[in-house]
2 protein chains.
Amino acid sequence: MQNLEKILEHNHIKPTAMRLLVLQFLLNKKVAISLTDVENHFDQSDRTTLYRTLNTFVEKGISHKIDDGTGITKYALCEENCHCEIDTDLHLHFHCTKCNETVCITEYKIPPIHLPKDYIAENVNLVVKGICEKCNNK
Amino acid sequence: MQNLEKILEHNHIKPTAMRLLVLQFLLNKKVAISLTDVENHFDQSDRTTLYRTLNTFVEKGISHKIDDGTGITKYALCEENCHCEIDTDLHLHFHCTKCNETVCITEYKIPPIHLPKDYIAENVNLVVKGICEKCNNK
DNA sequence: CAAATAATGCACTTCCGTTGCATAGGGTTT
DNA sequence: AAACCCTATGCAACGGAAGTGCATTATTTG
Ligand SMILES: [Mn+2]
Ligand SMILES: [Mn+2]
Ligand SMILES: [Zn+2]
Ligand SMILES: [Zn+2]
């Protein structure tokens, strides 16, 4: 897939072998993944390299970090036209307590949050825990 | 303050010396505090005892844990009539990126969250980051 | 090819939360 | 008072995960 190389190059990331594999992995998964997930998937690779790969992806804007409250940082690819940095375009994340998977919910925007006077919101993290659609239909 | 003892006893917590001091500390602080905060405040006390004290308070329902996204668990006393366990009564938390303090925003309820079909929400964690009222007025 | 630059791999650290276990305290029973 | 019980406490150690330092390897550039 030359597509993968294009994605990386377009975002000023050198398309190394490892990076292409990690990108592939992220594309295939439809859920947010942790460093350990990637590590387990690529058996003979180094954790640090994967760690830095994931962070490079975040810095360069092709994926975003997710704090789903589990204490384990998750990563997911950004959608087209995603502006993770900008408050107005943030989406919520859903963490299923049954299958333990975390997904981006991009269909619905985060509703406007009311704050007391003189508070300035710069960023919002909204995590909903519960039962996901898959687990609910079993 | 015999008040403190009453609070603990009323919640089936034996009012030991340490617990009274920690409760006092929590009452005085208007912001969420971390284990390290308590540890630093009571110089010659043991980290584990404080850790278990804070968790006892949470288990017995007089305070709640806060995951504000900093990676450090915070604790704050529940308000009167607080039902932290129940989804509908949750409040949002605000983390100031300037003074690094986290506060409970109990004035406003968390707005209803829309989820895709077949998703069941059991719990919501909403953390807003930005500039707090105090820092904004300096 | 040589030099510069960037990515990788290994070891190690730090931070925080958590647990095991032995001891001390406080109240109750004999 | 002594023996007893149950809980709280203190010390030590563990564990997971994020992050760093540095030497090595790969890749680009002159
Ligand atoms: Mn997402
Ligand atoms: Mn709160
Ligand atoms: Zn699920
Ligand atoms: Zn502030």
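So you know, we letter chains A, B, ... as the sequences are listed, proteins then strands, and number each from 1. These values consider heavy atoms only, across backbone and side chains, with no hydrogens, waters or symmetry-generated copies.
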Go through [options] for me and flag the one nearest to the [X] side chain.
{"X": "B/K65", "options": "D/dG10, C/dT18, D/dA18", "result": "C/dT18"}
{"X": "A/T36", "options": "D/dA17, D/dG10, D/dT7", "result": "D/dA17"}
{"X": "A/Y51", "options": "D/dA17, C/dA6, D/dT20", "result": "D/dT20"}
{"X": "A/T16", "options": "D/dC11, C/dA7, D/dT9", "result": "C/dA7"}

What's the [atom1]-[atom2] distance between [X] and [N], to the nearest Å?
{"X": "B/L21", "N": "D/dA8", "atom1": "CG", "atom2": "C1'", "value": "14 Å"}
{"X": "B/I13", "N": "D/dT9", "atom1": "CD1", "atom2": "P", "value": "11 Å"}
{"X": "A/K74", "N": "D/dA17", "atom1": "NZ", "atom2": "C1'", "value": "13 Å"}
{"X": "A/F42", "N": "C/dT8", "atom1": "CZ", "atom2": "P", "value": "12 Å"}
{"X": "A/D46", "N": "D/dG19", "atom1": "CG", "atom2": "P", "value": "16 Å"}
{"X": "A/E39", "N": "C/dG9", "atom1": "CD", "atom2": "C1'", "value": "13 Å"}
{"X": "B/N55", "N": "D/dT9", "atom1": "CG", "atom2": "P", "value": "13 Å"}
{"X": "A/L54", "N": "C/dA7", "atom1": "CG", "atom2": "C1'", "value": "15 Å"}

* To do: Name the nucleic acid region contacted by B/R52, choosing base, sugar-phosphate or nothing; use a 4.0 angstrom heavy-atom cut-off, strictly under.
  =>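 Base contact.
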* Nearest heavy atoms of A/C96 and A/I131, plus distance in Å ->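 For A/C96 versus A/I131, the nearest heavy atoms are SG-CA, 4.1 Å.
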* To do: Provide the closest heavy-atom pair for A/M18 versus A/F42 in the form atom of the first, atom of the second, distance.
  =>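 Looking at all heavy atoms of both residues, the closest pair is CE-CG, 3.9 Å.
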* Under 4.5 Å between side-chain heavy atoms, hopping through other hydrophobics if needed: is there a path connecting A/Y119 to A/L126? ->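 Yes, same cluster.
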* **Note, B/H93 side chain near B/D67 side chain (heavy atom, < 4.5 Å)** =>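 The answer is no, as the side chains (C-beta and beyond) never meet within the 4.5 Å cut-off.
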* Asked: A/Y75 versus A/S34: any side-chain heavy-atom pair under 4.5 Å?
  ->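 Answer no - side chains too far apart.
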* To do: Check whether the side chain of B/T48 and the base of D/dC11 form a donor-acceptor pair under 3.5 Å.
  =>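 Yes, the side chain and the base share a sub-3.5 Å donor-acceptor pair.
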* Taking only N and O in the side chain of A/R47, is any of them less than 4.0 Å away from OP1 or OP2 of C/dG9? ->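 It does not, given that no N or O in the side chain of A/R47 lies less than 4.0 Å from OP1 or OP2 of C/dG9.
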* Check whether any side-chain nitrogen or oxygen of A/T73 sits under 4.0 Å from OP1 or OP2 of D/dA17, and answer yes or no. =>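 No, no such contact exists.
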* To do: Select from A/I72 and B/R19 the residue whose nearest nucleotide in DNA chain D is closer to the 5' end of that strand.
  =>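 The residue closer to the strand's 5' end, by nearest nucleotide, is B/R19.
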